[in-house]
Amino acid sequence: MPLDAAKTETLVSVRGLSMHFPIYAGIFRRQVGVIKAVDDVSFDIGRGETLGVVGESGCGKSTTGRAVIRLYKPTAGSIFIDGKDISKTEGDALRRLRPSMQMIFQDPQACLNPRMTVGSIIAEPLDEHRRDMSRAERQEKVRALLDQVGMNPDFANRYPHEFSGGQRQRIGIARALALDPKFIVCDEPIAALDVSIQAQVVNLLEDLQDRLGLTYLFISHDLSMVRHIADRVAVMYLGKLVELASRDALYESPRHPYTKALLSAVPTVEKRSVERIILQGDVPSPANPPSGCVFRTRCPMAEARCAAEVPAFRKLADGRGVACHFAA
Amino acid sequence: MTDATASAPVAAAPAHRSLWADVWRQFRAHRGAMIGAGVFGFILLAVIFGPMLWTIDPGETNLRARNQPMSWAHPFGTDNVGRDMLAQVLAGGRVSLAVGITAMAVSMLIGAAIGVLAGYFRRLDGPLMRLTELFLALPILPLLLVAILLFRDTLRANFGPEAGVFLLIVLIIGITSWMQTARIVRGEVQTLKEREFVLAAQSIGTKEGRVITRHILPNVLSPIMVSATIGIAAAIITESTLSFLGLGFPPDFPTWGRLLFDGKDFMTRSPGRVIWPGLFISLTVLSVNFIGDGLRDAMDPRIRGR
């Protein structure tokens, strides 16, 4: 499948997105450097499609997700949602765009205000954006949303601490759906749940996608779950996009050495067909990334060229994108 | 939760469970808080309605009934010029409680506002916290003395002798006691600000003002509550100290602290003169602390119902 999701029209288009966080030090709090959490990342997501983003902890997955829906102000690059560049929008104009993009959070404990009832948590987006709805209409909508995520509408009067992790995640999903968004960033929505609940939540997300035509950016470090839900998969390493391909192509024949290593680490019950690739060393600091290719310090294929030259994110013959000098 | 079973069979949307009804239900379950509320309510009623029932003028002297012990005519005894102690304690309580509650309100308002602003807006953090430290470094008692000497006469001239001193004392206590609250609130706000539900509110597009009132303030209510109850107690005690030092209200105007001050010289002769006002100060402070304890528990839905 091609890089730019030709099968449908593009809903989200990210070009050269960079998110750098300044580091301050000393008594005068001078800026002494930057953390390149996300560095020059570009991708497209088609309408109704799910783009999975995988990578290890600290590689910039969540930062990408948050920057895409403008919870951060990106350092550089542009983000088009439905053809509109939102990367420089601020204040009220940005607030008016919020309903079309929502987020589902990782920690179901922390993402719900413990002092609000479930009903008022789900009604918060309506209170902010749908002042035209009457109180009764809003309550009715809350009940419908609870029903939609498979929960008893009478739970609206309860508090978050009365629910299990999976139920809380459903409440978070109901809140994200309240404004009928087109695009939802799922920031590791299943990482904090146990395995039996993970499947339920993922199935709910897929079900909602079918019914409501949602577009997902699905961030996860669980490779098998991403294989289950995503149409295309982006692999990140140290703030850079290293490979972006359709799910089947990526899982069957990864081209980037990092993707290969990552996939070889997925546990299986069958006898494994490929040798595990064990990477040496640690992820370098994003404040001081290696020259050239950021992966070269741990790459089994690295040569002198990798230190000198930053590999371009190239399109291969089958339409996938890879950032490696040797991929073909 | 006990009402879960009751609401389950209801077919239509059950009535929105009000936060304050829940708080009240939990508060009633806290025994210490209920006793505290009873005692505080009794003291409040006594100082408000007591003078209407016990109609002896607290300023009326009766030289033939000086230094009387407890009796039916004078349940708390009399002082060295024959004024009735019960009437004085009741009248003094009005002032002491009014000072305590208003000074606490002033200090909570300043403390919570500065704490929330410093914790939520990074740019304001430095300046506001330096200001807080500045106030913390001020020696309170000498400052109070200077301020009272400087402003007493102007305020008296403008608002009358009692109201002027009342304003002065309330403002001074309020302005010099908000710093602990501000620091505690700032710390709480800083941790809350990083929680995902605040991020969720931002992703919804909630305005910053409403993020603060809807998500931040309710979650810092417990430390504010605790500070508030301690604040009432501290304000009553500071007022007592001022009156005790002879710097608060005019000498013929009874407050609990002033009564203690006047009574200390007669402690051996008529101990009731220090025991009664002292007892009321202690009871008020204690009951308010218990109320605060109960309120803090009742405000937290996680503790509620346990």
Side-chain angles (χ1 to χ4, degrees), chain A residues 29 65-66 69-72 91-92 94-121 123-129 135-136 139-140 142-143 152-162 172 175-176 178-179 181 184-185 187, chain B residues 1-23 26 122-123 125-126 191-222 296 298-306:
Chain A
R29 306 271 97 199
R66 289 176 183 187
I69 63 163
R70 282 305 312 280
L71 285 176
Y72 297 141
D92 259 341
L94 181 62
R95 201 167 291 128
R96 274 194 296 278
L97 292 170
R98 292 262 179 228
S100 63
M101 46 190 188
Q102 288 292 307
M103 186 155 187
I104 298 170
F105 292 89
Q106 172 175 5
D107 186 352
Q109 311 278 347
C111 76
L112 307 175
N113 185 342
R115 310 234 162 194
M116 284 164 82
T117 59
V118 167
S120 31
I121 289 171
E124 185 181 3
L126 302 172
D127 291 340
E128 287 303 319
H129 292 282
R135 227 185 132 85
Q139 278 198 22
E140 205 37 58
V142 167
R143 293 174 64 81
N152 183 345
D154 290 337
F155 287 171
N157 278 331
R158 302 209 181 165
Y159 286 91
H161 71 95
E162 297 171 54
R175 170 176 59 190
L179 294 168
I184 297 185
V185 173
D187 186 4
Chain B
M1 288 245 136
T2 46
D3 57 339
T5 43
S7 68
V10 180
H16 197 70
R17 218 163 74 184
S18 132
L19 173 73
W20 294 107
D22 277 359
V23 168
Q26 174 64 22
R122 244 184 133 169
R123 273 171 299 128
D125 189 22
T191 54
L192 278 173
K193 206 178 78 172
E194 302 302 323
R195 297 280 297 273
E196 279 184 339
F197 63 81
V198 175
L199 207 64
Q202 281 159 3
S203 80
I204 283 164
T206 307
K207 292 197 177 86
E208 277 186 337
R210 273 205 290 272
V211 172
I212 290 176
T213 54
R214 190 182 289 153
H215 297 288
I216 304 278
L217 273 182
N219 282 293
V220 292
L221 218 54
S222 0
R296 188 197 49 207
M299 296 275 195
D300 192 334
R302 284 159 297 188
I303 298 174
R304 221 181 279 156
R306 247 172 235 172

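In the text below, chain A, chain B and the rest are named by the order of the sequence lines, each starting its count at 1. All values derive from a computational prediction rather than experimental measurement.
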Counting only heavy atoms closer than 4.5 Å, note whether B:L199 contacts chain A via side chain, backbone, both or neither.
both
Heavy-atom distance under 4.5 Å to chain B: side chain of A:M101, backbone, both or neither?
backbone
Please identify, among A:L112, A:I69, A:D127, the residue contributing the most non-hydrogen atom pairs under 4.5 Å to chain B.
A:L112
Before giving the answer on side chain to side chain contact (heavy atoms under 4.5 Å, CB included), spell out for A:R143 and A:D154 the whole-Å C-alpha distance, their side-chain angles and the decisive distance to 0.1 Å.
CA-CA 8 Å; A:R143 293 174 64 81; A:D154 290 337; 3.3 Å; yes
Tell me the closest heavy-atom pair linking A:A110 and B:R195, and the distance in Å.
CB-NE, 3.8 Å
Distance check, rounded to the nearest 0.5 Å: B:I204 atom CD1 versus A:I121 atom CD1?
9.5 Å
Residue part contacting chain B, namely of A:R96, when any heavy atom lies under 4.5 Å:
neither
pair A:R95-A:H129: side-chain heavy atoms closer than 4.5 Å
yes
Please look at B:R214 and chain A and tell me whether the side chain, the backbone, both or neither of the residue comes under 4.5 angstrom of a heavy atom of that chain.
both
When you look at A:M116 and B:H215, which way does the side chain to side chain contact (heavy atoms under 4.5 Å, CB included) test go after all the steps?
CA-CA 9 Å; A:M116 284 164 82; B:H215 297 288; 3.6 Å; yes
Part of A:Q109 lying under 4.5 Å from any heavy atom of chain B
backbone
So, are A:E128 and B:R210 salt-bridged, with charged N and O less than 4.0 Å apart?
yes
Determine the option with the most heavy-atom pairs under 4.5 angstrom with chain B, choosing from A:R70, A:M103, A:R66.
A:R66
Side chain / backbone / both / neither for A:D92 at chain B, heavy atoms under 4.5 Å
side chain
